[in-house]
Asker: 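One structure, as structure tokens, below. Some questions next.
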There are 2 protein chains.
Amino acid sequence: MFTGLSAFPLTPFVDDAVDAAAYAGLIERLAASGVDSITALGSTGSYAYLSLEERSRVARLAVAHAGATPVHVGVGALRTSHVLENVRSAEAAGASGVLLAPMTYQPLTPDDVFQLFATVADATELPVIVYDNPGTTHFTFTTELYGRIAQLPGIASVKVPALPEGDAAASDRMAQIRAALPDHVTVGISGDASAAAGLTAGCDAWYSVIAGTLPEVALRIARAAQSGDRDAALQASAELQPLWNLFSTMGGSLRVTAAIAELLGLVAPRSLPLPILGLTAAQRAEVARVSDELGLGG
Amino acid sequence: MFTGLSAFPLTPFVDDAVDAAAYAGLIERLAASGVDSITALGSTGSYAYLSLEERSRVARLAVAHAGATPVHVGVGALRTSHVLENVRSAEAAGASGVLLAPMTYQPLTPDDVFQLFATVADATELPVIVYDNPGTTHFTFTTELYGRIAQLPGIASVKVPALPEGDAAASDRMAQIRAALPDHVTVGISGDASAAAGLTAGCDAWYSVIAGTLPEVALRIARAAQSGDRDAALQASAELQPLWNLFSTMGGSLRVTAAIAELLGLVAPRSLPLPILGLTAAQRAEVARVSDELGLGG
């Protein structure tokens, strides 16, 4: 359940409210595509911007529309008691696992973060995915801290940032991570642009932004890697280089992915929560051009 | 109202709830001390960790117990609509101004942040303090963006991080900031360790962490600077160097200030919101030693 391709859907907004109909459509599309799991309310799902009530509702929508596809639910929040409320709502929704990033406002210490994971692992029977996303949380995990946390009962997977570039460096890093973790804890790559490299270096899972909106595109890479066809996986990813370039030049994957979903009519315009304005008109035109060039519309 | 010493009280917790009695005591203590204003729900007041309901309650408590001392209220939140809810509760409480930091999870663009301030300035008659706190928000203001935002009607003050070290460099930076702002917008220094340097370089206000818990200590520095006695201000700050050292070696001012308030019995033990564990026993012993040495108990 914590291997293969996990798709991270957007949580679309209309007039500052969750667009439940569009969200249900996104989830059904993912379930039909054959992704291995859906992770609702990841960073791409704007979890940090939602009230506890909205998060409960979105978790229920995701599970209700996912059919047989397992749904993991992001439960991160700045305050531990709010994390626990999100865990309760994920359980009530019927989630298969929870994803937890150590959100920060005040910088956290390694002990703060360890204790947060210990509290959550102790509070639920659901498997926990450790979410290392320094670009949004500004918390830096050490490999040693991965290991400490992964010893806790209930930890199922660690979602790691891009491995270092180059085959040897990536393999070395994977070996380090593996050595720190118990055998039953999987390693999932994030950072779509380098996911093929991560999978071919031995990651068990790909926690994918783009799969949430363009599942077929991500499945081509993931299935090639899973079948051991390393060259095909890397080639399929290389063909998407113009898309990865948009991610790096337009402030990350979220704004670009939302613009693609808006272009495709999967969500309404201005689908991100304010204060995030999303891409400018000129940027959207460039996204449309690249989408056309790559045939991302299907 | 946006000059002089503004004290930032802690918001103490007991068992994951706001300790209203202790909070009222902190506010009454500040009002009696003669600080020029109180800023409730700043970073020191753990605003980012509170629910909208808790924030409304804390704003009301602050105004109710501050007597004639003006109270500003921090209204920042990750989502613009939540910021606006906090503005409404600050207005309803009787605040004299609002303090707004551009909290981030996804990194924000300058246009996102400008539009956030424009939305808030347009939504309230209360004066707005622009809160530049890159250590917690991870948003970096440019001087040009200060200027764009300060042109908005209702902007009263900009809370800036420590000026560069050295008299000439500090003066140059102040001149740059002043040149970017309309005359009616004040400049307030933050970063207690360098506040004396900021005030003697011409800052109009000191937005002070330590004043929220030890107002007399901060008033000595502020009043010396305000009376033009530059040497006395710098000397009073230099005497506190062991305290500033604790701030820099123990992960910032919040954990140390909370430990001091706990030591003095102003708040109950473990007063910070989890996941922030606060200082270790060994660190608390060191804080107690420094407090004793400096006579911080009064």
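Values in this document were obtained by computation on a predicted structure and should not be read as measured data. Proteins come first, then strands; the chains are lettered A, B, ... in the order of their sequence lines, and each starts at number 1. Both backbone and side-chain heavy atoms feed into the values below; hydrogens, waters and symmetry mates do not.
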Asker: For A:Leu277, which atoms come within 4.5 Å of any heavy atom of chain B: side chain, backbone, both, or neither?
Answerer: both

Asker: Is it the backbone or the side chain of B:Ile276 that comes under 4.5 Å from a heavy atom of chain A, or both, or neither?
Answerer: both

Asker: When only heavy atoms count and the cut-off is under 4.5 Å, which of residues 107-125 of chain A reach chain B?
Answerer: A:Pro107, A:Leu108, A:Thr109, A:Asp111, A:Asp112, A:Gln115, A:Leu116

Asker: Taking heavy atoms only and a threshold strictly under 4.5 Å, list by residue number the residues of residues 82-91 of chain A that touch chain B; give 'none' if the list is empty.
Answerer: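 A:His82 fall under the 4.5 Å cut-off.
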
Asker: If you count heavy-atom pairs within less than 4.5 Å of chain A, which of B:Pro273, B:Ser81, B:Gly278, B:Gly251 leads?
Answerer: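 Ranked by heavy-atom pairs under 4.5 Å with chain A, first place is B:Ser81.
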
Asker: Can you find a pair of side-chain heavy atoms, one from B:Tyr105 and one from A:Leu78, that are under 4.5 Å apart?
Answerer: no

Asker: Roughly how far, to the nearest 0.5 Å, is the OG atom of B:Ser46 from the CZ atom of A:Arg79?
Answerer: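 A:Arg79 atom CZ to B:Ser46 atom OG measures 9.0 Å (nearest 0.5 Å).
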
